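Since this is a predicted model, take the numbers as computed values, not measurements. Counting begins at 1 with the first residue of the sequence.
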Amino acid sequence: MPLIIPIFLMNRGCPHRCIFCNERLTAGDHPERITESAFTETVRTHLDSAGRKSGPVQIAFYGGTFTGMEREEQSRLLELAAPFLRGGAVDGIRISTRPDGIDGENLDLLRTSGVTTVEVGAQSLHDGVLLRSRRGHSAADTIRAVALLREKGFETGIHLMAGLPGDSPNRFAETIDRVIALRPDMVRIHPTLVLRDTPLAKAFQEGIYLPLGLRGAVDLCKNALRALTAAGIPVIRLGLQTTRELEKPGAVIAGPFHPAFRSLVETALFLEMATALLSSAGRESGAPALPPADAGVGSPLYFTLSPADVSNFYGAKRENIKILQERFGLACIRISPDPALPRQTLILTVGEKHLRTDYSGQITRIRLQEDTRHGMDHSTQ
Ligand code: SF4
């Protein structure tokens, strides 16, 4: 992912306010008009930030419907970004917009002004859900918009929401299947939250709308993450980015809000992967139970994974470890962090047998290099 410098539009260009939307909470408190001085200062601050890694940089116009604004205003904002593009400090521009706000003419303006990436707020690909969420567009609008964006050569993202009014696990799974068929370059998903000062808050208070619980939201997003990963589509965000405003008491009235939502989803997926590997190893050996993992290097049973995934493997308060120990009657779970292993991958070693899986859920039998095995850093839990 590039470094993204967000500039918030604060609902500008939106034909109406969607039932769940409160930009003051999700984007933070930003002025309505983006002045040249504020824009330049924001971009410079991000570019000069001490901890910045080298790599591509994009300026992103988020939090509204970019292509729904007057053409002059779109041009003015794109012009503000132009000096950074020309000077090479920024590699491209990214915008977010509604599917019904995309047509061939406005895409030509975007293309000639340095926009490389367009994120489409689809939210659902089920018309009944879109209607009840008062989105004002159809699933067909998203299908048409994504096809047009791909035809014009834009990197294309799709934004989805789980738990919208009228949605169900089956409908959400159908949405994911339809998104996969559209082959976007990336997807963002966040569960629907009931935010203060929205029509959804009123519906919740009247008992008309019931949000997902945290466990249900994690489950839906876990299934979506698995399916999208298996299809080779990166999920670049799970859960809303928190803001100071969102964390204030009373901002989120109800719904599955968690500041580390993605981590919860990945922890659930690692539990599923570890369970599948242990079950598969148990089935293959024909043994009623796996051998206890109680020795060091060369022990009969251990997991290998990227060091960056260790906390997701453990889960909060090491809950995954406890569940696996109980489920499979293991005295302890041994892990071996291996920096050479790609993230989202898990290898189970039982004796001389090595089984590998990843977020797609596919299990393969592999051979491990001798030098890799001896370089492992084991730790016991
Ligand atoms: S289109 Fe997006 S930014 Fe505009 S009101 Fe709807 S959710 Fe909010």
Side-chain angles (χ1 to χ4, degrees), residues 1-9 13 43 46-47 52-69 74-75 77-82 84-123 125 137 139 141-161 175-190 224-225 227-239 241 262 342-344 359:
M1 272 291 284
L3 168 74
I4 290 180
I5 303 176
I7 307 286
F8 290 102
L9 300 174
V43 176
H46 278 83
L47 290 174
R52 170 159 108 79
K53 294 184 190 142
S54 59
V57 179
Q58 286 185 330
I59 292 172
F61 292 102
Y62 282 160
T65 304
F66 191 89
T67 53
M69 294 186 299
Q74 293 181 47
S75 299
L77 293 177
L78 294 169
E79 270 304 308
L80 295 180
F84 294 99
L85 280 173
R86 279 197 297 271
V90 166
D91 303 281
I93 301 171
R94 162 186 291 251
I95 63 150
S96 67
T97 196
R98 292 167 54 93
D100 53 348
I102 291 175
D103 62 42
E105 204 183 315
N106 57 29
L107 292 188
D108 291 338
L109 167 72
L110 300 180
R111 170 53 79 209
T112 51
S113 308
V115 175
T116 50
T117 310
V118 177
E119 296 196 39
V120 181
Q123 319 312 1
L125 283 173
H137 65 81
D141 287 322
T142 298
I143 293 165
R144 182 195 52 80
V146 172
L148 197 54
L149 286 164
R150 291 178 62 83
E151 186 189 310
K152 298 269 182 186
F154 287 93
E155 188 181 40
T156 305
I158 292 184
H159 186 232
L160 298 172
M161 293 173 68
T175 284
I176 297 297
D177 288 344
R178 288 176 191 166
V179 166
I180 289 171
L182 294 177
R183 309 292 323 154
D185 296 293
M186 70 201 93
V187 168
R188 289 177 194 261
I189 308 173
H190 75 80
L225 179 59
L228 289 160
T229 305
I233 299 169
V235 180
I236 59 168
R237 173 158 273 283
L238 276 167
Q241 180 124 31
R262 185 179 187 113
R343 289 201 64 179
Q344 310 183 347
Y359 280 9

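- Summarising the geometry of P2 relative to Q58, their closest heavy-atom pair is CG-OE1, 3.6 Å, with the distance given to 0.1 Å.
- Scanning for side chain to side chain contact (heavy atoms under 4.5 Å, CB included) contacts around L85 gives V90, I93, with sequence neighbours left out.
- Closest of all the heavy-atom pairs between Y62 and P6 is CD1-CB, 4.3 Å.
- Looking at every heavy atom in both residues, A145 comes nearest to P99 through CB-O, 3.6 Å.
- Atom CG of residue L77 and atom CD1 of residue I95 lie 11.0 Å apart, to the nearest 0.5 angstrom.
- Results of the side chain to side chain contact (heavy atoms under 4.5 Å, CB included) test with F154 over T116, V115, V120, I102 single out V115 as the only residue that passes.
- For the residue pair G63 and S96, the shortest heavy atom distance occurs at N-OG, 3.6 Å.
- Residues passing the ring-ring contact (aromatic ring centres under 6.0 Å, His included) test with F84, sequence neighbours excluded: none.
- The CE atom of M161 sits 4.0 Å away from atom NE2 of H190, with the distance rounded to the nearest 0.5 Å.
- T97 pairs in a side chain to side chain contact (heavy atoms under 4.5 Å, CB included) with only one of the listed residues (L149, V118, N106, L110), which is V118.
- To the nearest 0.5 angstrom, Q74 atom CD is 10.0 Å from L9 atom CG.
- A donor atom on one side chain and an acceptor atom on the other are found under 3.5 Å apart for T117 and E155.
- Separating the CG atom in D103 from the CG atom in L148 is a distance of 7.5 Å, to the nearest 0.5 Å.
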**Report entry** Pair R183-T156, side-chain contact (heavy atoms from CB on, under 4.5 Å): steps then yes or no
**Finding:** CA-CA 9 Å; R183 309 292 323 154; T156 305; over 6 Å; no
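- Counting all heavy atoms, side chain and backbone alike, A227 lies closest to I180 at O-CD1, 3.7 Å.
- In this structure a side-chain-to-backbone donor-acceptor pair under 3.5 Å is present from R237 to G239.
- Between L225 atom CG and L238 atom CG the span is 5.5 Å, to the nearest 0.5 Å.
- Distance CD1/I158 to OG1/T142: 7.0 Å, rounded to 0.5 Å.
- Looking at heavy atoms from C-beta onward, R188 lies in side-chain contact with E119 at the 4.5 angstrom threshold.
- Between I59 and L80 there is no side-chain heavy-atom pair separated by less than 4.5 Å.
- For H137, there are no ring-ring contact (aromatic ring centres under 6.0 Å, His included) partners two or more places apart in sequence or in a different chain.
- Residues H46 and I4 form no side-chain contact, since every pair of their non-hydrogen atoms from C-beta on lies 4.5 Å or further apart.
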Query raised in the report: T229 and Q344: side-chain hydrogen bond (donor to acceptor under 3.5 Å, both in side chains), yes or no, with the steps?
Result: CA-CA 10 Å; T229 305; Q344 310 183 347; 4.7 Å; no
Report task. Would you check, one step at a time, whether the test side-chain contact (heavy atoms from CB on, under 4.5 Å) holds for I5 with L47? Result -> CA-CA 8 Å; I5 303 176; L47 290 174; 4.1 Å; yes
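- In this structure, P234 and D185 approach most closely via the heavy-atom pair CD-O, 3.2 Å.
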